[in-house]
Amino acid sequence: FDSPEWQPGDHTIGAQLIDRYNQVLATTDTITVSIQHILELDVYNVDGTVSSGITNIEISGNPDLELEGVIVTVTSTNDPEQSYFLSDTPLSFQNGKTSLVVEDLPTTIRTLFPDLTGGDTVQIKATVPSPSGNGPLLAESNNVTFTLAALPLPEPPRYDPEDYIPAAII
């Protein structure tokens with residue numbers, strides 16, 4: 001049973017004992033197994049701390065499989081139940097790869113998780129859910145964990161003497 005070559009999802013398997021005349025001597029009950037494929041998630045333009053700029057998220061898997069509906073989520077490690085999609089639509093594989101570009105990952109994360117502060121961590125993960133919605137995942141990636149950078153301190157107002165009229169004390 002070589003599961004990497006099979007499409008993900010539920011498969012029914014059973015066994016038969018057959019003699020040299022091709023006569024079935026015994027049969028087992030069948031069982032259903034779920035095959036889940038492993039995805040590789042890589043995040044570029046981030047060095048462990050989410051600070052600024054465009055972020056490219058690449059997901060790769062077996063190029064021989066047809067995977068549709070890849071979902072990329074970000075989860076707060078402070079509250080693992082709090083998870084959001086990073087894309088409005090599921091992604092599709094082409095030749096075993098797909099990618100997502102996030103224009104400003106720190107702003108996106110702060111919008112989704114307004115209570116997070118600098119030093120808090122988030123995880124990004126890719127999955128392919130079951131078509132039925134309640135079955136096991138068809139594919140799942142590794143988690144990539146990042147620390148959210150602290151917001152830069154606001155610049156203090158600059159004093160320009162020409163903007164002020166000297167007052168006279170009388």
Side-chain angles (χ1 to χ4, degrees), residues 3-4 6-10 33-165:
S3 66
W6 289 54
Q7 286 293 330
D10 291 339
V33 294
S34 294
I35 295 175
Q36 181 183 78
H37 285 277
I38 297 170
L39 302 174
E40 180 67 32
L41 181 107
D42 291 308
V43 181
Y44 297 96
N45 303 341
V46 176
D47 61 0
T49 300
V50 180
S51 55
S52 64
I54 295 173
T55 303
N56 189 19
I57 300 169
E58 291 185 2
I59 303 107
S60 58
N62 185 338
D64 297 328
L65 299 176
E66 297 175 21
L67 292 174
E68 297 293 327
V70 179
I71 296 172
V72 180
T73 56
V74 60
T75 303
S76 166
T77 57
N78 294 344
D79 182 4
E81 296 297 316
Q82 201 175 18
S83 184
Y84 297 98
F85 299 135
L86 278 180
S87 174
D88 294 334
T89 58
L91 309 171
S92 295
F93 268 91
Q94 291 183 348
N95 300 319
K97 296 185 183 287
T98 190
S99 65
L100 174 66
V101 175
V102 181
E103 293 298 324
D104 188 350
L105 187 59
T107 300
T108 300
I109 290 171
R110 290 183 196 286
T111 301
L112 296 172
F113 304 98
D115 294 335
L116 291 183
T117 60
D120 287 339
T121 56
V122 294
Q123 289 183 335
I124 296 176
K125 180 183 196 174
T127 58
V128 178
S130 168
S132 68
N134 59 1
L137 295 172
L138 299 182
E140 184 174 25
S141 76
N142 53 305
N143 288 325
V144 177
T145 303
F146 299 102
T147 301
L148 192 60
L151 286 172
L153 295 174
E155 285 201 29
R158 297 190 184 261
Y159 171 72
D160 186 354
E162 293 180 12
D163 291 341
Y164 296 93
I165 300 172

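Keep in mind the model is a prediction, meaning the values are calculated, not measured. FYI, side chains are in, hydrogens and waters are out, and symmetry mates aren't considered; it's all heavy atoms of this structure.
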| said: What I want to find out is whether E58 reaches K97 closely enough, with some N-O distance under 4.0 Å, to be called a salt bridge. | reply: no

| field | Q36 side chain vs L137 backbone, donor-acceptor pair below 3.5 Å | value | yes

| query | Is the shortest heavy-atom distance from the side chain of T98 to the side chain of L100 under 4.5 Å? | reply | no

| So do the side chains of L148 and F113 get within less than 4.5 Å of each other, counting heavy atoms only? | no

| note | Distance col, row T75:OG1 vs I124:CD1, nearest 0.5 angstrom, shows 9.5 Å

| Distance in Å, S83 OG paired with L112 CG, rounded so as to fall on 0.5 Å steps | 9.5 Å

| request: Would you please say whether a donor-acceptor pair under 3.5 Å links the side chains of Q123 and T145? | output: yes

| Between L39 and H37, is any pair of side-chain heavy atoms under 4.5 Å apart? | no

| said: When you compare the side chain of T127 with that of T73, does any pair of heavy atoms fall below 4.5 Å? | reply: no

| said: Test side chain to side chain donor-acceptor pair (under 3.5 Å) on S92 and E68; report intermediate values, then the result. | reply: CA-CA 5 Å; S92 295; E68 297 293 327; 2.7 Å; yes

| remark: Heavy-atom closest pair (D120 atom, D115 atom, distance to 0.1 Å) is OD2-O, 4.3 Å

| remark: Between the OG atom in S141 and the CG atom in D42, the distance rounded to the nearest 0.5 Å is 9.5 Å

| Minimum-distance pair of heavy atoms, taken over all atoms of S130 and P136 | CB-O, 3.3 Å

| message | Nearest 0.5 Å, please: how far is CD1 in I109 from CZ in F146? | response | 8.0 Å

| task | Using modelled atom types only, decide if a donor and an acceptor are shared between the side chain of S87 and the backbone of T89 within a distance under 3.5 Å. | result | yes

| query | When rounded to the nearest 0.5 angstrom, what is the spacing between CG in L116 and CZ in R110? | reply | 8.0 Å

| said: Tell me the closest heavy-atom pair linking S76 and V122, and the distance in Å. | reply: CA-CG1, 4.3 Å

| What closest approach, in Å, do K125 and L41 show between heavy atoms, and which atom pair accounts for it? | C-CD1, 4.3 Å

| request: Can you establish whether the number of heavy atoms outside Y84 located under 6.0 Å from its atom OH is more than 12? | output: yes

| Donor-acceptor pair, T77 side chain versus T121 backbone, under 3.5 Å? | yes

| query | Tell me, do S34 and D10 make a side-chain contact under 4.5 Å, heavy atoms counted? | reply | yes

| note | OG (S99) and CD1 (I57) are apart, to the nearest 0.5 Å, by 9.5 Å

